[in-house]
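Labels below follow one simple rule: chain letters A, B, ... track the order of the sequence lines, proteins then strands, and each chain is numbered from 1.
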Amino acid sequence: MVSIADVARDAGVSSSTVSYVLSGKRSISSETQRRVEASIHRLGYHPHAGARALASSRTSVLALIMPLRADIDVPVLMGFVNSVVTTARNYDYDVLLLTNDEGPAGLRRVADSAMADALLLMDVEEEDPRVRVLQSLSCPGVLIGLPNDPGDLSCVDLDFSAAAKRCVRHLADLGHERVALVGPSPVVYERGTSFAGRFLRGFTAAARERGVHATSRACVPSYEGVRDCLDRILTDQPELTGLVVHNEAVIAPLLSELHSRDMRIPEDISVVAVTPDEMAANRPVPLTTVPLPSEDIGRSAVEMTMRELQGVRSPEIRLLSPRLTPARSTARRV
DNA sequence: CCTAAAAGTAGTGTATCACT
DNA sequence: AGTGATACACTACTTTTAGG
C-alpha cells in the first residue's frame with residue numbers, strides 16, 4: 001500500500017508537506033505542489049481513510065438511516081439514496097446506508113462508534129423516539145421528513161399538505177365534485193409516518209374548502225388491495241369522478257384495475273398522482289402528477305448537514321412547495 | 001522456577017502545531 | 001515554505017510482577 005511517506009520520499013519533501021498539499025490548508029510553492037501531485041499520480045496514492053479518521057476524528061462518512069420495511073417503495077427510496085450519495089460526493093463524503101430498523105439504539109451505535117460524522121434520518125414518524133435521541137448525540141443530524149416536534153433539528157421534505165391541496169384544487173378547478181384519496185398502506189398510517197398524516201389532512205382541508213365530497217382509503221399495494229380499496233371508495237361514492245393517488249406502488253395495479261372496470265381515464269375518471277417525475281410518464285395514459293422531488297430533498301438534506309458540519313448552527317424546516325404537472329389523466333368533468 | 005495476569009511499548013498513516 | 005514531533009485509538013507483542 002502506498003502511504004503519504006512514500007509520496008513524500010518520491011517527491012523529495014516531508015510527509016507534512018504532502019498532507020498540506022492534499023488539504024490545501026497552507027500555501028505551498030507551485031513547484032513543490034507540482035512535484036507532489038506528480039508523485040501522487042505516479043504512485044497511485046489514496047489517503048488511508050482509517051488513519052485519516054484517527055488523526056482528524058472525522059470519517060468523511062454520512063450515515064443514511066432508512067428502514068427498509070415491506071411497505072416501502074424501493075424505486076422511490078432509491079431516488080433519495082441516489083441524490084444523497086451524489087451530493088455527498090461533491091463534498092468528498094461517502095454514505096453509509098443503514099436499512100435495518102434498529103430504532104434509537106441504532107443511532108447511538110453509529111454515533112458513539114464514530115462510524116460517521118453525521119446522521120440523516122428517513123421515514124420519520126410523527127412521534128418518533130429517534131428524534132430526541134438524535135438531538136442528544138454529539139454528531140449533527142438532519143431529518144428527511146417532519147415529526148410533530150423536531151426540536152432544534154433541521155428537516156427537509158415536500159410540503160405534503162400543500163401537495164394534497166394542489167391535487168384537490170386541480171380536480172375542483174376541472175369541475176370535479178366527488179373525489180377520493182387512494183392513500184398509503186394501512187401500516188404506514190398506523191405507524192404515524194409523518195408524510196401520510198400531513199397529506200391526508202391537506203386533502204381533507206382542501207376538499208372542505210372547495211365544497212368537494214371527499215373519501216379517503218388506505219391501500220395495500222397489491223392487485224387485491226387495490227380492488228378492495230376501489231370497492232370501498234365506490235360504495236361510498238358511486239358518482240366518483242376524481243382520484244388522488246398517494247402511493248407509488250399502487251399506481252400500476254390501479255390503472256389496470258380501472259381499465260378492467262371500463263372506467264376510462266380521463267373520460268370517466270380523472271387521476272392525479274404523487275410520484276417522482278420519471279415514473280409518471282411511462283404509463284398507458286401520461287399521468288398528471290405532483291412530482292415527488294426526491295432529488296431536491298436529498299440534495300437539501302446533505303447541504304444542511306454540511307452546514308452543520310462546518311459548525312453553522314441554524315436549524316431550518318424546509319418544506320418544498322409542490323408543483324403540479326398536468327397531463328392527459330385529468331380532464332374537465334363532462 | 002513456572003505460569004498467568006497485568007502493565008508497558010511499539011507501530012499503524014495522517015493531520016496539525018510549533019518551529020526554522 | 002518547508003519540516004520534525006506529536007496526538008489520535010487501537011492492536012500485537014514484550015516485559016514485569018505476583019503468587020504458587
Side-chain angles (χ1 to χ4, degrees), chain A residues 1-67 81 84-121 130-142 152-154 298-315:
Chain A
M1 197 190 63
V2 183
S3 76
I4 200 168
D6 300 319
V7 175
R9 203 174 310 116
D10 190 75
V13 295
S14 72
S15 49
S16 38
T17 299
V18 178
S19 178
Y20 282 122
V21 168
L22 286 168
S23 69
K25 287 185 179 172
R26 277 198 15 189
S27 53
I28 298 285
S29 73
S30 52
E31 166 57 16
T32 303
Q33 169 124 8
R34 193 195 56 71
R35 283 210 321 280
V36 168
E37 277 163 0
S39 296
I40 288 172
H41 185 71
R42 182 165 50 247
L43 300 175
Y45 166 75
H46 291 285
H48 189 286
R52 262 198 168 164
L54 181 59
S56 65
S57 22
R58 283 223 163 182
T59 60
S60 294
V61 169
L62 300 180
L64 178 58
I65 298 170
M66 169 189 274
V81 174
V84 167
V85 170
T86 306
T87 312
R89 282 309 302 142
N90 293 338
Y91 292 90
D92 242 332
Y93 267 77
D94 284 285
V95 175
L96 171 70
L97 185 58
L98 296 142
T99 57
N100 277 353
D101 184 13
E102 297 180 55
L107 305 188
R108 286 219 178 81
R109 183 175 69 83
V110 173
D112 292 349
S113 58
M115 295 163 83
D117 296 341
L119 274 56
L120 291 180
L121 217 62
R130 297 176 303 167
V131 171
R132 206 168 42 80
V133 172
L134 189 56
Q135 275 181 278
S136 72
L137 297 175
S138 48
C139 72
V142 167
D152 64 349
L153 291 173
S154 288
R299 183 169 15 82
S300 298
V302 172
E303 282 165 0
M304 285 175 171
T305 309
M306 289 303 151
R307 259 193 298 150
E308 299 239 353
L309 283 171
Q310 282 152 18
V312 188
R313 281 258 55 211
S314 53

Query - Value in whole Å for how far the C1' atom of dG2(C) lies from CZ of R9(A) - result: 18 Å

Query - With R89(A) via salt bridge (Lys or Arg N to Asp or Glu O under 4.0 Å) - residues at least two apart - result: D92(A), D94(A)

Query raised in the report: Applying side-chain hydrogen bond (donor to acceptor under 3.5 Å, both in side chains), which residue pairs with at least one partner in residues 36-45 of chain A are found, sequence neighbours left out?
Result: D10(A)-S39(A), D10(A)-R42(A), Q33(A)-E37(A)

Report task. Could you list the residues that satisfy side chain to side chain contact (heavy atoms under 4.5 Å, CB included) with V95(A), not counting sequence neighbours? Result -> L64(A), V84(A), V85(A), A88(A)

Query - Rounded distance (nearest 0.5 Å) linking atom CE of M115(A) with atom OG1 of T59(A) - result: 9.5 Å

Query raised in the report: When you check the phosphate oxygens OP1 and OP2 of dG2(C), does a side-chain N or O of T17(A) lie under 4.0 Å from one of them?
Result: no

Query raised in the report: Of all of residues 33-42 of chain A, which get a heavy atom below 4.0 angstrom from DNA chain B, listed by number?
Result: none

Query raised in the report: Salt bridge between R307(A) and E303(A), side-chain N to carboxylate O under 4.0 Å?
Result: no

Requested in this report: Using salt bridge (Lys or Arg N to Asp or Glu O under 4.0 Å) as the criterion, list what pairs up with R132(A), not counting sequence neighbours.
Outcome: none

Report summary line: When rounded to the nearest 0.5 Å, the distance separating NE2 of H48(A) from CG of L54(A) is 10.0 Å

Requested in this report: Locate the shortest heavy-atom distance separating M1(A) from D6(A); write the atom from each residue and the value.
Outcome: O-OD2, 3.6 Å

Using atom names, set out every protein N or O paired with an N or O of nucleotides 13-15 of chain B below 3.5 Å, distance rounded to 0.1 Å.
residue, atom, partner, partner atom, Å
dG13(B), N2, A51(A), O, 3.3
dT14(B), OP1, Y45(A), OH, 2.8
dT14(B), OP1, H48(A), N, 2.7
dT14(B), OP2, I4(A), N, 2.5
dA15(B), OP1, R52(A), NE, 2.4
dA15(B), OP1, R52(A), NH2, 3.1
dA15(B), OP2, S19(A), OG, 3.1

